Structures are given as structure tokens and as C-alpha cells.
Amino acid sequence: MKFLIISHVLHKKYHDLYYGYAPYIKEMNLWIKDLKEVTVVAPCVDKKPDAIDIHYNGNIQFVKVPAFSFVSFSKILKSIVVLPLIFFKVISAMRHTGHIHLRLPGNMGLMGAIAQIFFPSIPKSVKYAGNWDPNAKQPWSYRLQKWIVSNTFLSKNMKVLVYGEWENQSKNIVPFFTASYAENEIFEVESKTLDGKINLIFVGTLTANKRPMLAVKTLKSLIDNGIEAHLKLFGEGIERIEIERFIVENNLEEKVYLMGNQNAETLKRAFHEAHFLIFASQSEGWPKVVAEAMIWKCLPITTKVSCVPYMLDDGNRGSLVYPKVEEIVQEIMDYRNNAVNYQNKCQNAYLWSKEYTLEKFETEIQKILYAN
């Protein structure tokens, strides 16, 4: 099968290999595992990969396109110039493939969603990695992408994989999931106690959308309440400077650790040590860090975004909170005062999350690929 991937992910070419954000590439390697001809149409730069990047397996034919966006007037002008070239490359790639795979939401995904309309007979799959909640407030481009791919007149021969189960969906919408670990990587860790130092963890980009500062302020509030606690933040972003300033101003240098981008093994060890994941993101699809934390009995304290309430069984596998420091601190204090409740939720989280293995994920992918 000739397989085509249309993606907005910025790739890095290094020593004739194509690298990208590890969770994304790890998933795509499962899609292309047994395929001989794979083409990727996406932005790409010649650059050494970071610790968080891995490369595609197999022989990849890469069609490089410029990255584009509409966030400023100058970028809009630049996009207008490059869009015809990008659309031509997308159309050309679709003409010579046996399966079209779109990664949404994103600007390249929108381009692919429009282009695929002209190829109704080619089998297609869409991985919508964002929030599919019909009631969520989202940019107009996201709503447009969702409308195109869920419209069975415009998008024929297509399966759209979304996170969560939602009412009143078109027949091509398929509830889906994602995975991080193989069966042989998963084992049950010992139960954790809260009578000593409490370890918190944050994983994500250090941007306003992910609310990393909320985790830092939660840590400070716990210390102010006489609780010995530490916090590790994994990720990079524009809020790092503000976080560093807050740490210094509040003498938290020995309590908060900015870990930057790290590989999967380092992150796994951190989950082993942590008692709580503080995850107050404003927008998500299926947040892998929540599922990963649950496997290692690191209890998620999260906002009610996308399919997270489903993942946490409405609070039986963690805590669903509003993004307020005092509410998060109260949850942690309640768990300290009720060790049985904490242990039970950690166990529930582990039992649920360990079912979503890479093996199961690969099996479901094969069903999508060869459904037609």
C-alpha cells in the first residue's frame, strides 16, 4: 500500500533521517510499520534533533513544504504567497497514493481536508488529536476542519478517529485512543504514601494554555501550609522566564526543578517518584501524560477538558477540578487525610490505563487501514 501522511508537525532532517516530536513519531511508526511506500508532506528544517525528538522507521519519501500561519498580518501575507505551492504539492501527492492519512487539527490538516474532497475513491483516515467536544470553544479553522471531515458528502471513504464518545455524530466518526507503552514495559509499582514528602509533576509546554504556573503556585501554597513538597516541571516554553522569576522571588530554588525536555525513560522515572500530576490544560485531545501518570500510580489532578472526565471516570481515577490553587491544594490535603481513598483511586487508575497498550493500539490501527 502507498501511504500518504499530511501533517503540520515541524520535522528535522539530520543524517538523512527525519525526526519529529517523539509521541507523534512513535505513533506514526505504528501506522507505517508494515508499509513499503510512505510519503510525508509536512514542514521540515535541516537541524539536529532535540532530546524529545525521534525519527521515522523505514524508508520515507519526504515532500517538504513551508510552515504557514495566520496569527499576524505579515504571516498572512506570506501564507497567501506559499499556499498555492503547498496545495499543488498536496494534490500531487494524493494523486499517487493508496491511502490518505490526515493529522488534524492544524493548518496542513486543513489543506489536506480540502484537497481530499477531490479524491472520493481513495481510502482515508483522519487522526483528530485535539478536543472533539462539539460544545468546546475553538478557533474557526478548527471548526471548519471538523465540519469538512465529518461531512460524509464532502469526505467520502473516510474514518475520523476522535478522542471520547460524543452524541449525534456522523457515521464516519470513530471513538479512539492513544498509547505510550508496550505490554512488557508495564508493571505495577508499589503503593505510594502521603505521610512524608509529596512529589508533584507537571508535563507539557511552558505556555499559558497549559498553565504551568498554576502547578508552581500550588507547590508554594502547600509549603505555606506546612507540607513538605517538591515539583518537577518537564517541558519548555515562553513562560519559563516568568516561572524562574517566581521561583527566585519566593525562595523555591530547592523545591521546584525545571527539567526541560527529556526523553521517555527519564519521564517514566519521574512518574514513578511523583504522587500527583498537576494538569490544568485549557485544550486537549487525549492527553498522553494523564494516561502515563495513571499507569505509574501518579494520581492526576486535572481540569474537565475534552475526554479527560471519561479517562478519570468522572473522578474515580483522579480529581477533576477548576484551575484554582486553593481547590487543588484542598484535594491534596483531603487525600493526605484519607489514605485509603488515595490508594483506591491510584489502583483504579492503574487498572484502567494499563489496558491501553501499544499492542492494542496497533491492532486498532490495522482495522482502520484495511477496513476498505
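The chain is numbered in sequence order, starting from 1. Being a predicted model, the structure only gives us computed values, none of them experimental.
Comment: E27 engages K127 in a salt bridge, judged by a side-chain N to carboxylate O separation of less than 4.0 angstrom. The pair R269-E273 fails the salt-bridge criterion, with no side-chain N (NZ, NE, NH1 or NH2) lying under 4.0 Å from an Asp/Glu carboxylate O. Salt-bridge annotation for K12 and D46: absent, with no side-chain N of the basic residue lying under 4.0 Å from a carboxylate O of the acidic one. With respect to E362 and K33, a salt bridge is recorded, a charged nitrogen being found less than 4.0 Å from a carboxylate O. Contact check on E364 versus K360 returns no salt bridge, with no Lys/Arg side-chain nitrogen under 4.0 Å from an Asp/Glu carboxylate oxygen. Taking a cutoff of 4.0 Å between a charged side-chain nitrogen and a carboxylate oxygen, K268 and E292 do not qualify as a salt bridge. Note on K210 versus E239: no salt bridge recorded, every NZ/NE/NH1/NH2 to OD/OE distance being 4.0 Å or above.
Taken together through direct or relayed side-chain contacts under 4.5 Å among Ile, Leu, Val, Met, Phe, Trp and Tyr, I295 and F202 form parts of separate hydrophobic clusters.
Side-chain contact annotation: W286 with Y356, donor-acceptor N/O pair under 3.5 Å absent. Using modelled atom types and a 3.5 Å distance limit, the side chains of K297 and Q343 yield no donor-acceptor pair. Under the 3.5 Å distance criterion, with hydrogens and angles disregarded, no donor-acceptor pair is assigned to the side chains of T207 and N209.
Looking only at distances, no side-chain donor or acceptor of N29 sits under 3.5 Å from a matching main-chain atom of K26.
Aromatic ring pairs are classed by plane angle as parallel below 30°, tilted from 30° to 60° and perpendicular above 60°; the pair F118 and F87 is perpendicular. Aromatic ring orientation, Y128 versus W132: perpendicular (interplanar angle above 60°, classes split at 30° and 60°). Taking the six-membered ring where tryptophan is involved, the planes of Y56 and Y24 are perpendicular, since the angle between them exceeds 60° and thus also 30°.
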Is there a ring-ring contact (aromatic ring centres under 6.0 Å, His included) between F276 and Y342 once you walk through the steps? CA-CA 10 Å; F276 297 100; Y342 175 73; 5.3 Å; yes
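Within a 6.0 Å radius of NZ in K2, no more than 12 heavy atoms belonging to other residues, nucleotides or ligands are found. When the shell of 6.0 Å around CD of E165 is examined, it contains 12 or fewer heavy atoms from other residues, nucleotides or ligands.
Taking the six-membered ring for Trp and the full ring otherwise, H275 and Y335 have centroids separated by 6.0 Å or more. For F361 and F176, the distance between ring centers is under 6.0 angstrom.
Hydrophobic side-chain contacts under 4.5 Å tie Y14 into a cluster, directly or through other members, with L17, Y19.
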Distance-only donor-acceptor hits, side chain of residues 325-333, under 3.5 Å, sequence neighbours excluded:
residue, atom, partner, partner atom, Å
E327, OE2, Y322, N, 3.3
Q330, NE2, D334, OD1, 2.8
E331, OE1, S319, OG, 2.6

